[in-house]
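For ligands, and for the atoms within them, numbers begin at 1 and follow the listed sequence. Fair warning: this is a prediction, and the values are worked out from it, not measured in the lab. Quick note: numbers below take in every heavy atom, side chains included, and nothing from hydrogens, waters or symmetry partners.
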Amino acid sequence: MERLLITGAAGGLGQMLRGRLSHLAPILRLADIAAAADPAPNEEIVQCDLADEEAVFRMVEGCDGIVHLGGISVERSFELIEAANLRGVYHLYEAARAHGLPRIIFASSNHTIGFYPQDQRLHADDPVRPDGLYGVSKVFGEAMARMYYEKFGQETAIVRIGSCTPAPRDWRMLSTWFSHDDFVSLIETVFRVPRLGCPIVWGASANDAGWWDNSASGYLGWVPRDNAAAYRALIETQVPRPSADAPVARYQGGTFTADPIHRGPIPDPEDAG
Ligand code: NAI
Ligand code: 15L
């Protein structure tokens with residue numbers, strides 16, 4: 001690849017990956033609606049609202065691979081989700097079609113299946129059970145990826161990310177944790193394999209307590225190395241165990257299953273007094 005595009009580059013995962021993917025292409029194009037920090041010599045900064053189709057076409061032009069992280073990443077109002085995660089994904093796929101079908105990694109989420117109980121092991125082809133508007137928007141993105149694959153041969157790795165954090169922080173993350181190293185190695189694999197197709201890959205580490213079976217995407221040869229079990233003793237001693245009937249202990253999507261449908265803006269906790 002000559003140029004790799006990372007959308008959502010100003011966000012949590014974007015900032016982490018910005019520093020860890022520079023070996024994949026001489027130029028990293030970092031895009032976000034938010035202003036980004038100063039570019040390094042190998043970086044191009046593009047400020048772009050995913051809801052703006054022309055801007056998305058300019059953002060994608062000249063890129064040979066895309067890590068699509070941009071969008072609303074938690075439960076929000078339909079209006080916010082629609083702009084970034086519905087229109088934004090459509091714009092991204094149309095731009096990719098116009099600019100040579102660069103391989104895409106689509107950051108989907110465990111919230112596409114959040115209403116499954118935690119004692120059920122899932123495969124990639126199990127029916128979706130989204131736990132909110134955010135989860136529904138990721139189902140939409142997955143369907144968009146699949147349709148562009150069937151119609152135009154656009155390859156995408158649909159990565160249903162669990163909880164991608166430096167370390168697991170709570171009991172649920174003993175099952176959902178996706179280490180930064182494992183995410184990086186998955187991205188390396190996706191851009192290395194001769195044939196990608198359009199697999200759904202569970203974005204999770206090799207957690208002893210994991211719920212998700214990645215055998216359907218085994219042909220990629222990607223093997224996660226980390227295991228949240230290494231943090232179990234720490235969590236058991238430092239994090240109170242939630243009661244068995246709490247959403248965070250019942251459902252794979254945890255607390256998202258209990259979120260309301262937000263109508264109108266949600267106050268930013270930092271603005272409250
Ligand atoms: P984040 O919220 O920190 O970053 C998302 C970025 O997208 C932000 O920088 C934001 O400014 C940008 N963005 C929002 N609306 C936009 C718009 N209209 N146009 C352009 N950019 C826009 O999220 P995070 O944690 O970095 O996650 C990255 C991706 O991975 C998201 O798509 C999220 O849904 C997905 N994901 C993340 C998980 C995690 O554990 N961090 C778990 C499951 C999925
Ligand atoms: C997600 O989809 C969110 O983007 C992230 O902030 C976490 O909440 C994660 O899921 C999770 O379920 O832990």
Which atoms of ligand 2 sit under 4.0 Å from any heavy atom of [X]?
X	result
Tyr134	1 (C), 2 (O), 3 (C), 4 (O)
Gly162	9 (C), 10 (O), 11 (C), 12 (O), 13 (O)
His111	1 (C), 2 (O), 9 (C), 10 (O), 11 (C), 12 (O)
Phe256	8 (O)
Ser109	1 (C), 2 (O)

Within reach of ligand 2, part of Met173 (heavy-atom separation under 4.0 Å):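 Neither part.
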Proximity to ligand 2 by part of Ser73, non-hydrogen separation under 4.0 Å: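 Answer for Ser73: both.
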Axial cation check for Trp211 ring with Arg121, 6.0 Å and 45° limits: no
Within 45° cone and under 6.0 Å: Arg195 NZ/CZ vs Tyr219 ring: yes
Sequence-distant partners of Glu61, salt bridge (charged side-chain N to carboxylate O under 4.0 Å, His left out), two or more places apart: none
Closest approach of any protein heavy atom to atom 13 (O) of ligand 2, naming residue and atom: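 For this ligand atom, the closest protein heavy atom is Ser163 OG, 2.6 Å.
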Candidate list Trp177, Phe178, Trp212, test ring pair (Phe, Tyr, Trp, His ring centres under 6.0 Å), partner Trp202, passing option: Trp212
Under 3.5 Å: donor-acceptor pair, side chain of Asn214, backbone of Val201: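 Pair absent, no side-chain N/O of Asn214 close to backbone of Val201.
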Under-4.0 Å protein heavy-atom contact, atom 7 (C) of ligand 2: no
Modelled atom types, side-chain donor and acceptor of Ser217 and Trp222, under 3.5 Å: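 Absent: no donor and acceptor within the cut-off.
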Residues Asn207, Ser205; criterion side chain to side chain donor-acceptor pair (under 3.5 Å); working and verdict: CA-CA 5 Å; Asn207 305 319; Ser205 287; 4.7 Å; no
Pocket residues of ligand 1, ordered first by chain and then by residue number (heavy-atom cut-off under 4.0 Å): Gly8, Ala10, Gly11, Gly12, Leu13, Asp32, Ile33, Cys48, Asp49, Leu50, Leu69, Gly70, Gly71, Ser73, Ala84, Ala107, Ser108, Ser109, Tyr134, Lys138, Ile161, Gly162, Ser163, Cys164
Pair Ser179-Asp181, side chain to side chain donor-acceptor pair (under 3.5 Å): steps then yes or no: CA-CA 5 Å; Ser179 75; Asp181 283 355; 5.5 Å; no
Intermediate values then yes/no, salt bridge (charged side-chain N to carboxylate O under 4.0 Å, His left out), Glu236 and Arg232: CA-CA 6 Å; Glu236 284 183 352; Arg232 178 173 282 281; 3.3 Å; yes
Asn110 near ligand 2 by a heavy-atom separation under 4.0 Å: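 Yes.
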Reference residue Tyr148; test side chain to side chain donor-acceptor pair (under 3.5 Å); the match among Arg97, Glu155, Gln154, Glu94: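 The side chain to side chain donor-acceptor pair (under 3.5 Å) with Tyr148 is passed solely by Glu94 among Arg97, Glu155, Gln154, Glu94.
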Stepwise side chain to side chain donor-acceptor pair (under 3.5 Å) check, Asn110 with Arg172: CA-CA 12 Å; Asn110 71 87; Arg172 174 175 165 271; 3.0 Å; yes
